[in-house]
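Right, one structure below, let's go through it.
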Amino acid sequence: MLKIYNTLTRKTEEFQTLEPDLVKMYVCGVTVYNDAHVGHAMSALVFDIIRRYLEYRGHTVKHVMNYTDVDDKIIQRAKQLNEDPLILSQRYIEDYTQDLASLNVLPATSYPQVSKTMPLIIKFIEVLIQKEAAYAAPNGDVYFSVISDKDYGKLSGRKLDDMQAGSRIEVEEAKDHPMDFALWKAAKPGEISWDSPWGKGRPGWHIECSAMNLAELGEQIDIHGGGNDLIFPHHENEIAQTESYTGREFARYWVHNGMLQLGGEKMSKSLGNIVSIKEFLSQREADVMRMLVLNGSYRAPLLFNDDTLDAAQKNVERLKSALRPASASASGLAADAIAALASASESAKTNFTDAMDNDFNTAGAIAVLFELSKFINTARDNSATGEQLKSAQGVFRELSSVLGLKLEEKKGSGDAEAFINLLIEVRAEVRKQKLWALSDQIRDKLKELNVIIEDSKDGTKWRYL
RNA sequence: GGCGUCGUGGCCAAGUGGUAAGGCAAGGGUCUGCAAAACCCUCAUCACGGGUUCGAAUCCCGUCGACGCCUCCA
């Protein structure tokens, strides 16, 4: 039985879908005005892993990830670059799509955009006004009225009185209540805008997600996800809007990932301590980032530094070792060893599911893979044939792909391969003649070129580092 | 100030009542011409102080500390 920690109740709850076997999952994507960073990658990876696991457990997942392509920061950036805001955001959407593909994140079912949801957003706001959950102010803005929502604050555990006391925001004169937030913002001169019953303007930050959710998934969804920095105000306001609109419970499970930490602090644009996904991938392979996430727990802060990345990279290498082929001269395993390997595979599956069922305990799931890899490697060391390894390696491959790990050996150019093989042939001859210095020199020089040579009983193998 | 998360070996990190998974690093070993890889062995009593319990890292109270949100943020 899958259990998920629900931010709304602050409890780990049994997962039950609204409709049998179907999971409606909405994950807040990014505001597209700049290169996405590894913190965004963490969030995307967390929900990719969740989605993959739900599918592994037999659910069909409708996975919606939005792009916020109309926003203050986009407008500002577009002004700097003297570019149309929508062209700018479209460029970054394509960019981010590529980043996600590079990270082996499965494509979402759909990717709604604010700019393409405008009629529905306007209609949504009109309904809120009709229901007296929102009001148009004289300045052309429309605000959501927080006092109209009796349980406003339930997600973040705040009370309106507390928030007023701690508020450091300059309160707009036009607001009835200081915590009221904008559903619609009147356009300033020269800004991109859309026509509405309240004049030219554009949506506030939170309403798009409520509208796009409704459009893509309906009034109620199973999982709503995002970074835990979105709990307040973004998700709090989303709940307020949607539940005021529908009169029903919005999302069953609110799932939030922890923040990536760089040098003990959250990575964020305002702190300037950013590593973009592209920068990261120019240094390390995608599996390393994923392993970093898998090794931790998705709700906790994740340390991103050279030490944790080096360890993650080693972990990836280690897992890859399980998939290496049997020795060509393998003579075969004894019957009891074959049985032991088979039973190790079976318990790996069970233990994997047990771990993942416990609020996606990926660290536990990874430990299961390490254990299975040990069994496989021992079997190979004990002369298992390829045929005898096949089934266990199949299980290993299956489970690691549920986590989204590719575990591919690196490839170089086909041309280089022929030369490397040639060098290895020559080196084999040199070794026959016991010219160890020369033989070692070849090995060292190849290593400098990121080609690792490993000698064994039945010949020399090589791989790219 | 308010709300919340958390504090497990050198590092990353599972475990939420019955005497501490896994990985990295380190040390020893098998294999190897030497390496590398793989495999084997060694390596913690869970921030601190109280309490509940036959029994607590795991529940309760307190202290100290870290981090996040309260303002754009995955």
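Every chain is numbered from 1, with letters handed out A, B, ... down the list of sequences.
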Quiz item: With respect to the side chain of R318(A), which nucleotide from A14(B), C24(B), A74(B) is positioned closest?
Solution: C24(B)
Quiz prompt | Nearest-neighbour nucleotide for the M259(A) side chain, A74(B), C67(B), C12(B) considered | solution = A74(B)
Quiz item: For the side chain of D381(A), counting heavy atoms from C-beta on, which of A38(B), G4(B), C24(B) is nearest?
Solution: A38(B)
Quiz item: So, R52(A) and D48(A), do they make that salt bridge, N to O below 4.0 Å?
Solution: yes
Quiz item: Any chance the side chains of D69(A) and Y92(A) put a donor and an acceptor closer than 3.5 Å?
Solution: no
Exercise. Check every strand shown and say whether E371(A) touches a base, only sugar-phosphate, or nothing at a heavy-atom separation below 4.0 Å.
Key: sugar-phosphate
Practice problem: Could you tell me the separation between the CG atom of L230(A) and the P atom of U71(B), rounded to a whole number of Å? | Solution: 14 Å
Please list each protein N or O that sits under 3.5 Å from an N or O in nucleotides 58-61 of chain B, with the distance.
none

Exercise. Ignoring hydrogens and angles, state whether a donor on the side chain of T460(A) or D455(A) is under 3.5 Å from an acceptor on the partner side chain.
Key: yes
Practice problem: Among the candidates U5(B), C3(B), A14(B), find the nucleotide nearest to the side-chain atoms of R158(A). | Solution: C3(B)
Practice problem: Could you tell me whether R463(A) and E454(A) have a side-chain N and a carboxylate O separated by less than 4.0 Å? | Solution: yes
Quiz prompt | Ring geometry between F181(A) and H206(A) (parallel below 30°, tilted from 30 to 60°, perpendicular above 60°) | solution = perpendicular
Anything under 3.5 Å between a protein N or O and an N or O of nucleotides 26-33 of chain B, put it in a table, one pair a line.
{"residue": "G33(B)", "atom": "N7", "partner": "R431(A)", "partner atom": "NH2", "Å": "3.4"}
{"residue": "G33(B)", "atom": "O6", "partner": "R431(A)", "partner atom": "NE", "Å": "3.3"}
{"residue": "G33(B)", "atom": "O6", "partner": "S439(A)", "partner atom": "OG", "Å": "3.4"}
{"residue": "G33(B)", "atom": "N1", "partner": "D440(A)", "partner atom": "OD1", "Å": "2.9"}
{"residue": "G33(B)", "atom": "N2", "partner": "D440(A)", "partner atom": "OD2", "Å": "2.7"}

Exercise. Using the C1' atom on both, measure G9(B) against G4(B) and round to a whole Å.
Key: 29 Å
Quiz item: Should C43(B) form a Watson-Crick or G-U wobble pair with both distances under 3.5 Å, which nucleotide is its partner?
Solution: none
Quiz item: For the side chain to side chain donor-acceptor pair (under 3.5 Å) test, which of H224(A), R299(A), H235(A) pairs with H256(A)?
Solution: H235(A)
Quiz item: Out of A74(B), A13(B), G68(B), which has the shortest distance to the side chain of Q261(A)?
Solution: G68(B)
Quiz item: Can we say D440(A) and K447(A) salt-bridge, meaning some charged N sits less than 4.0 Å from an Asp/Glu carboxylate O?
Solution: no
Exercise. Check R324(A) against Q393(A) and note the closest heavy-atom contact, atom names and distance.
Key: O-NE2, 3.0 Å
Self-check item: Watson-Crick or G-U wobble partner of C24(B), both distances under 3.5 Å
Solution: G10(B)
Quiz item: OH of Y152(A) versus P of G2(B): gap in Å, rounded?
Solution: 20 Å
Exercise. Give G29(A) one of three labels, base, sugar-phosphate or nothing, depending on what nucleic acid heavy atoms sit under 4.0 Å from its own.
Key: sugar-phosphate
Quiz item: Using atom C1' of each nucleotide, how far apart are G68(B) and C61(B) to the nearest Å?
Solution: 25 Å
Exercise. Quickly work out the E448(A) CD to A35(B) P distance and round it to whole Å.
Key: 19 Å
Self-check item: Opposite nucleotide pairing with A38(B), Watson-Crick or G-U, both atom distances under 3.5 Å
Solution: U30(B)
Exercise. Figure out the CG/P separation between N351(A) and A14(B), and round it to whole Å.
Key: 18 Å
Quiz prompt | Nearest-Å distance for atom pair CG/P, residues L292(A) and A14(B) | solution = 12 Å
Quiz item: Cut-off 3.5 Å, side chains only: do S321(A) and N377(A) have a donor facing an acceptor?
Solution: yes
Quiz item: Under 4.0 angstrom, heavy atoms only, what part of the nucleic acid is N295(A) near: base, sugar-phosphate, or nothing?
Solution: base
Quiz item: When the P atoms of A14(B) and A47(B) are considered, how many whole Å apart are they?
Solution: 14 Å
Self-check item: Candidates C39(B), G15(B), A74(B) - which lies nearest the side chain of T378(A)
Solution: C39(B)
Self-check item: Shortest side-chain distance from L260(A), nucleotide among A13(B), G15(B), A74(B)
Solution: A74(B)
Quiz item: Under 4.0 angstrom, heavy atoms only, what part of the nucleic acid is N358(A) near: base, sugar-phosphate, or nothing?
Solution: sugar-phosphate
Quiz item: In whole angstrom, what separates Y298(A)'s OH from C6(B)'s C1'?
Solution: 15 Å
Quiz prompt | Pairing partner of A56(B) (Watson-Crick or G-U wobble, both distances under 3.5 Å) | solution = none
Quiz item: Considering only side-chain heavy atoms of K314(A), which listed nucleotide, A74(B), A25(B), A13(B), is closest?
Solution: A25(B)
Quiz item: Are E285(A) and K320(A) close enough for a salt bridge, meaning some N to O gap below 4.0 Å?
Solution: yes
Quiz item: Which residues pass the side chain to side chain donor-acceptor pair (under 3.5 Å) test with Q441(A), sequence neighbours left out?
Solution: none
Practice problem: For C41(B) versus C46(B), give the span between their C1' atoms, rounded off to a whole number of Å. | Solution: 25 Å
Self-check item: Sugar-phosphate only, base, or nothing, as touched by K434(A) at under 4.0 Å among non-hydrogen atoms
Solution: nothing
Self-check item: Modelled atom types, side-chain donor and acceptor of Y53(A) and R57(A), under 3.5 Å
Solution: yes
Exercise. Between U5(B), G68(B), C24(B), spot the one nearest the side chain of Y5(A), thanks.
Key: U5(B)
Practice problem: In whole angstrom, give me the gap between the P atoms of G10(B) and U53(B). | Solution: 34 Å
Quiz item: Within the structure shown, what part of the strands sits under 4.0 Å from I453(A) by heavy-atom distance: base, sugar-phosphate, or nothing?
Solution: base
Exercise. Test E236(A) against every option in L230(A), L155(A), V146(A), D149(A) by the side chain to side chain contact (heavy atoms under 4.5 Å, CB included) rule and name the one that passes.
Key: L155(A)
Exercise. Would you kindly give the CE-to-P distance between M65(A) and A74(B), to the nearest whole Å?
Key: 11 Å
Exercise. Determine the interatomic distance between P on G65(B) and the same-named atom on A26(B); round to the nearest Å.
Key: 35 Å
Quiz item: Base, sugar-phosphate, or nothing: which does K461(A) touch, judged by heavy atoms less than 4.0 Å apart?
Solution: nothing
Quiz item: What nucleotide, of A21(B), A38(B), A37(B), holds the atom closest to the side chain of A367(A)?
Solution: A21(B)
Quiz item: What is the distance from CG of N34(A) to C1' of C72(B), rounded to the nearest Å?
Solution: 13 Å
Exercise. Look through every strand shown and name the nucleotide pairing with U5(B) as Watson-Crick or G-U wobble, where both distances are under 3.5 Å.
Key: A66(B)
